[in-house]
**Q** 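The following block contains the structure, expressed as structure tokens.
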Number of protein chains: 2
Amino acid sequence: MAYRPTAKTKQHRIERFDTLLTAALAIVTKEGFQALTISHLATKVGIATGTIYKYFDSKAQLCSEVFKMATKKEVEKVKLASFPNQKINYETRLTNAVTIFADRAIRSERLAYALIAEPVDPTMELERLKYRKAYAGIFAQLINEGIVAKEFPQQNANISGAALVGVLAESLVTPLGQGIKISNAIELISSIRTFCLRAITGVTKHQQ
Amino acid sequence: MAYRPTAKTKQHRIERFDTLLTAALAIVTKEGFQALTISHLATKVGIATGTIYKYFDSKAQLCSEVFKMATKKEVEKVKLASFPNQKINYETRLTNAVTIFADRAIRSERLAYALIAEPVDPTMELERLKYRKAYAGIFAQLINEGIVAKEFPQQNANISGAALVGVLAESLVTPLGQGIKISNAIELISSIRTFCLRAITGVTKHQQ
DNA sequence: TTAACAAGTGAAACATGATTCACTTTTATT
DNA sequence: AATAAAAGTGAATCATGTTTCACTTGTTAA
């Protein structure tokens, strides 16, 4: 008998897996999924293409992992804004959630665009759908609670939740993908926030 | 000297061009852009792949033409609802525009999904952007006029217009793409309409 | 009926990546 | 050392289409 994996070996495997994922995410963040090819990744990490297949079954799986990794963090932030530890009224929560989303999207280079709007192959589209649904679900729950608390008018919370995702995607993320420089982020976020609030509450708070 | 194209010849060319475009649109309507390949189209029309290149420079151009063709008709309908010949108040116009869009999307099999949300290659994404912008532009103008008429509250009409496109895409078209059968279209359209109206006017008319 | 050109053909060449696999290198055990 | 197993390699192969092009067929005018 002979070889057996040791702690050190296993550690190295984990580290390399991590390196690959991180490098892949970096590519996506800078250049989008469109630029995430096996050979590009291999070159970037300084290994052979074949090696990547010792860590991932397929490119689809690699993409999926990258997606999940990026997603998790983003969704968590919005969830926290929507369901904070303190008691905060629902209108403020909604405001915060939308603001956090918008703010992070603007700061994220191409990442928000890659996750939400960049054209990708149909396999990944399913992953993306989950991502959008995660947001929509958070919003829906927030809206539902707001309705119960009599803060928001009666409405179909699921549809309103999905609609908010659409609003954010179309008014914020798609422009980001066009390489349009956001000349006045504050103003843009403010307008989107006003729209979302009015859409859910029916009231325009601060005339802009 | 010898050959010169005649009226008959030219006519035939036009007809074939038309046949190709129509067949391509049929494919997209049934199975999406994903199914629109040169050889599929050639087979369907009963000609050789090479022949198609006598009518279109490239697949990109073919797709673009199909897109324009489908787009034109759709946008026209929404435009007409938004700017009718008679004097109608802006809230009603908005209601009509949203309803027309939703109704046509639901009836259109996969077409609405193909035009708005189906993953396509980046070349076509530009074409699609124009399409979305066409809608956003119509909505923006409608909203602007509504503001001037003091019917709608002050708001950034361009952002509100884009946001409405996002709402429709996310709450209606994306589900259509999932092959989800709309069990209750009336109810769905009604919810979306209510959302859009509240988002723009700030008022919930009919509590649902 | 033939010269001149357009329309049509479809097999072969291209393009773009993903994926495989026979082989080399490294690591661990006896 | 000798052996076993995993990690790593990268050129070759596959998969999916698009696009070309030498060639055949159809059409028109002289």
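Convention: sequence-line order gives letters A, B, ...; per-chain numbering from 1.
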**Q** Provide, to the nearest angstrom, the distance between the CD1 atom belonging to B:Ile38 and the C1' atom belonging to C:dT9.
**A** 15 Å
**Q** So does B:Arg16 get a side-chain nitrogen or oxygen closer than 4.0 Å to the phosphate oxygens (OP1/OP2) of C:dG8?
**A** yes
**Q** Walk me through it: do A:Thr22 and A:Thr19 pass the test side-chain hydrogen bond (donor to acceptor under 3.5 Å, both in side chains)?
**A** CA-CA 5 Å; A:Thr22 305; A:Thr19 303; over 6 Å; no
**Q** Mind calculating the distance between CG (B:Asp57) and P (D:dT19) to the nearest angstrom?
**A** 10 Å
**Q** Any side-chain N or O of B:Tyr55 under 4.0 Å from OP1/OP2 of C:dG8?
**A** yes
**Q** Round to a whole Å and report the spacing from OH of A:Tyr3 to C1' of D:dA5.
**A** 7 Å
**Q** Looking at CG of B:Leu62 and OG1 of B:Thr37, how far apart are the two atoms once the value is rounded to the nearest 0.5 Å?
**A** 10.0 Å
**Q** Find the distance B:Gln61:CD to D:dT18:P and express it as a whole number of Å.
**A** 15 Å
**Q** Can you tell me the distance, in whole Å, between the OH atom of B:Tyr53 and the C1' atom of D:dT19?
**A** 5 Å
**Q** Mind calculating the distance between CZ (A:Phe56) and P (C:dT19) to the nearest angstrom?
**A** 13 Å
**Q** Between D:dG17 atom C1' and B:Leu62 atom CG, what is the distance in whole Å?
**A** 14 Å
**Q** When every nucleotide of nucleotides 10-16 of chain C is labelled 5' to 3' by its protein contacts under 4.0 Å (heavy atoms), B for base, S for sugar-phosphate only, - for none, what sequence of letters results?
**A** BB-----
**Q** OP1 or OP2 of C:dT27 versus the side-chain N and O atoms of A:Thr6: is any pair under 4.0 Å?
**A** no
**Q** Report yes if a side-chain nitrogen or oxygen of B:Arg13 is closer than 4.0 Å to either non-bridging phosphate oxygen (OP1 or OP2) of C:dA6; otherwise report no.
**A** no
**Q** For DNA chain C, whose closest nucleotide is more 5', that of A:Lys54 or that of A:Ser39?
**A** A:Ser39
**Q** Do any side-chain nitrogens or oxygens of B:Lys59 fall under 4.0 Å of OP1 or OP2 in D:dT18?
**A** yes
**Q** Can you classify the ring geometry of B:Tyr135 versus B:Phe139 as parallel (below 30°), tilted (30 to 60°) or perpendicular (above 60°)?
**A** parallel
**Q** Check whether B:Tyr55 forms a cation-pi arrangement with B:Arg13 (NZ or CZ under 6.0 Å from the six-membered ring centre, at most 45° off the ring normal).
**A** yes
**Q** In whole angstrom, give the distance that lies between atom NE2 of A:His12 and atom P of C:dT27.
**A** 9 Å
**Q** Think B:Arg4 has a side-chain N or O under 4.0 angstrom from the OP1 or OP2 of D:dT27?
**A** no
**Q** Salt-bridge test for A:Lys130 and A:Glu127: reply yes if a basic N is under 4.0 Å from a carboxylate O, no otherwise.
**A** yes
**Q** Over 60° means perpendicular and under 30° means parallel, so tell me whether B:Phe152 and B:Tyr90 are parallel, tilted or perpendicular.
**A** perpendicular
**Q** Measuring only between side-chain heavy atoms, which start at C-beta, is A:Phe101 closer than 4.5 Å to A:Arg104?
**A** no
